[in-house]
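Quantities reported herein were computed from a predicted structural model and do not represent experimental measurements. Proteins come first, then strands; the chains are lettered A, B, ... in the order of their sequence lines, and each starts at number 1.
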Number of protein chains: 2
Amino acid sequence: MARAATTTDVFNAVAEPRRREIIGLLSDGREWAVNDVVVRVNLAQPAVSKHLGVLREVGVVTVVKRGQQRMYRLEAERLKPIYEWAKTYEKLWTGQISRIKQRAEQKAMDRIARENQSDENGTRGDK
Amino acid sequence: MARAATTTDVFNAVAEPRRREIIGLLSDGREWAVNDVVVRVNLAQPAVSKHLGVLREVGVVTVVKRGQQRMYRLEAERLKPIYEWAKTYEKLWTGQISRIKQRAEQKAMDRIARENQSDENGTRGDK
DNA sequence: ACAATGTATGTCGATATCGGAATATATGTC
DNA sequence: GACATATATTCCGATATCGACATACATTGT
């Protein structure tokens, strides 16, 4: 078995920097003709067509014919799986505390929480 | 030029499903020996070592020797770029405001397109 | 019908992958 | 030292990639 095809996954499709660049362009919500993209990206037209083809296969963009042009549009919700996946790990880096410290803190917190059972009633008397 | 190396990018490293699976395992914050991973994932040891090597090269995991074992640990903050990237597009699929706006724009586009050419499929039109 | 424009497709070369198998490199144990 | 365990490294075959280039296809205008 070899490397997975770029079209098997949103993850694989988006791994290519050029493709991310193109997604960035289309993120303005407008429809983009292939040539509009070619002008902005430093790539020849066939390369752009292929990248758009990959993005289309995984549903990240949709095409519609308009005259002799093909208008590509971003289907951003297809990126959601990536967002959700990464979001799963967000809690592991938020706060500047490292994970190890977090674990230590967690244990300390548990202990303190137990100890505080005796101190349940509001010593925080501001008011 | 060929496909980018899996070690060039967090995006590329994470494009591989097995690697994401391994990341999922390590997300409990503990240190994992290679064999611990081998037992959980349906892969031979060399394959696992290689995957861990890739993840290590991009900094997603770190290693530390302990006896004859190599303990791997997740460095979740290295996934942040992916989260941030995807987050940029979150607003495009959540919230009704952008959705409505997008819809309106799309309808305008469609109308313009229709005006520009009423002939989609070989039907000899007027003009 | 012909030319021009916009886009897709096919071929090619260089490169890298992924998993398996075999082997090498520690490290620990008797 | 001999041996077992844990892991890394190397070689292999099959497969895909990506960009360049050439070319085909499609649509529009004259």
Side-chain angles (χ1 to χ4, degrees), chain A residues 1-9 11-22 31-58 61-73, chain B residues 1-9 11-22 26 31-58 61-73 113-127:
Chain A
M1 243 165 236
R3 197 176 190 170
T6 57
T7 54
T8 46
D9 223 39
F11 285 91
N12 277 279
V14 155
E16 165 66 44
R18 309 292 204 161
R19 239 121 56 193
R20 262 175 280 147
E21 194 179 352
I22 291 174
E31 288 182 331
W32 285 66
V34 177
N35 250 327
D36 298 341
V37 177
V38 170
V39 168
R40 298 291 234 87
V41 175
N42 197 22
L43 271 181
Q45 173 267 314
V48 171
S49 275
K50 282 172 194 165
H51 282 310
L52 285 168
V54 171
L55 292 175
R56 188 179 144 280
E57 265 201 78
V58 296
V61 301
T62 48
V63 210
V64 66
K65 282 196 243 180
R66 200 161 80 204
Q68 58 187 142
Q69 308 190 335
R70 252 81 157 186
M71 307 308 292
Y72 284 86
R73 200 165 47 119
Chain B
M1 244 169 233
R3 197 174 188 172
T6 57
T7 53
T8 47
D9 223 36
F11 286 90
N12 277 280
V14 155
E16 166 66 44
R18 309 292 204 161
R19 241 124 51 195
R20 261 174 283 148
E21 194 179 351
I22 292 174
L26 302 213
E31 289 183 330
W32 286 65
V34 176
N35 250 328
D36 299 341
V37 178
V38 170
V39 168
R40 296 292 232 84
V41 174
N42 197 21
L43 270 180
Q45 174 267 314
V48 171
S49 274
K50 285 172 197 165
H51 281 310
L52 285 169
V54 170
L55 293 176
R56 187 180 145 280
E57 265 201 77
V58 297
V61 302
T62 48
V63 210
V64 65
K65 281 195 245 181
R66 204 162 76 202
Q68 59 190 142
Q69 309 190 336
R70 251 81 156 187
M71 306 309 290
Y72 283 86
R73 204 168 41 135
R114 225 163 285 279
E115 284 166 4
N116 280 0
Q117 69 132 39
S118 52
D119 185 296
E120 170 77 14
N121 197 6
T123 318
R124 248 9 202 109
D126 35 325
K127 196 170 195 154

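- At the heavy-atom level, A/R56 lies nowhere under 4.0 Å from the strands shown.
- Contact check, A/N35 against C/dT5: no side-chain N or O comes under 4.0 Å of OP1 or OP2.
- The shortest side-chain heavy-atom distance between B/V58 and B/D9 does not fall under the 4.5 Å cut-off.
- Salt bridge status for A/E31 with A/R66: present, with a side-chain N to carboxylate O gap under 4.0 Å.
- Contacts of B/A33 with the nucleic acid, taken as non-hydrogen atoms under 4.0 Å apart, involve only primed sugar atoms and P, OP1 or OP2.
- Taking only distance into account, the side chain of A/Q68 meets the base of C/dT5 through a donor-acceptor pair shorter than 3.5 Å.
- Atom pair B/Q45:CD and D/dT5:C1' shows a separation of 11 Å (rounding to whole Å applied).
- The main-chain N or O of B/A15 is found under 3.5 Å from a side-chain atom of B/R20 such that the two form a donor-acceptor pair.
- One interatomic measurement links the two molecules: CG of A/L43 to P of D/dC21, which rounds to 12 Å at whole-angstrom precision.
- Comparing A/S49 and B/A47, the nucleotide of DNA chain C nearest to each residue sits closer to the 5' end for A/S49.
- Mapping A/R18 and A/A2 onto DNA chain D via the closest heavy atom, the residue that lands nearer the 5' end is A/A2.
- Across the interface with DNA chain D, nearest-nucleotide mapping of A/P46 and A/E16 shows A/E16 to be the residue nearer the 5′ end.
- Listed pair A/R3 / D/dA14 fails the phosphate criterion, with no side-chain N or O lying under 4.0 Å from OP1 or OP2.
- A/K50 has its NZ atom 20 Å from the P atom of C/dG6, to the nearest Å.
- We find that CD of A/E57 is positioned 13 Å from P of C/dA8, with the value rounded to whole Å.
- Under the 3.5 Å distance criterion, the side-chain polar atoms of B/R19 are matched with a main-chain donor or acceptor of B/A13.
- For A/Y72 and C/dG6, the shortest distance from a side-chain N or O to OP1 or OP2 is not below 4.0 Å.
- Backbone-only contact: B/R19 has heavy atoms under 4.0 Å from sugar-phosphate atoms and none from a base.
- Taking the centre and axis of the six-membered ring of A/Y72, the NZ or CZ atom of A/R56 falls outside the cone set by 45° and 6.0 Å.
- One can place CG of A/D9 at 15 Å from C1' of C/dC18, the figure rounded to the nearest angstrom.
- Residue A/R70 has no polar side-chain atom (N or O) positioned under 4.0 Å from OP1 or OP2 of D/dA26.
- Here the C1' atom of nucleotide C/dG6 and the CE atom of A/M71 are 11 Å apart, to the nearest Å.
- Between D/dT27 and A/K65, a contact under 4.0 Å exists linking OP1 or OP2 to a side-chain N or O.
- Counting non-hydrogen atoms of neighbouring residues, nucleotides and ligands closer than 6.0 angstrom, the CZ atom of B/R40 reaches no more than 12 such neighbours.
- Residue A/T6 has a polar side-chain atom (N or O) positioned under 4.0 Å from OP1 or OP2 of D/dT17.
- As rounded to whole Å, 9 Å separates atom P of C/dT17 from atom CG of B/N12.
- Nucleotide C/dA8 holds its C1' atom 15 Å from the CD atom of A/Q69, rounded to whole Å.
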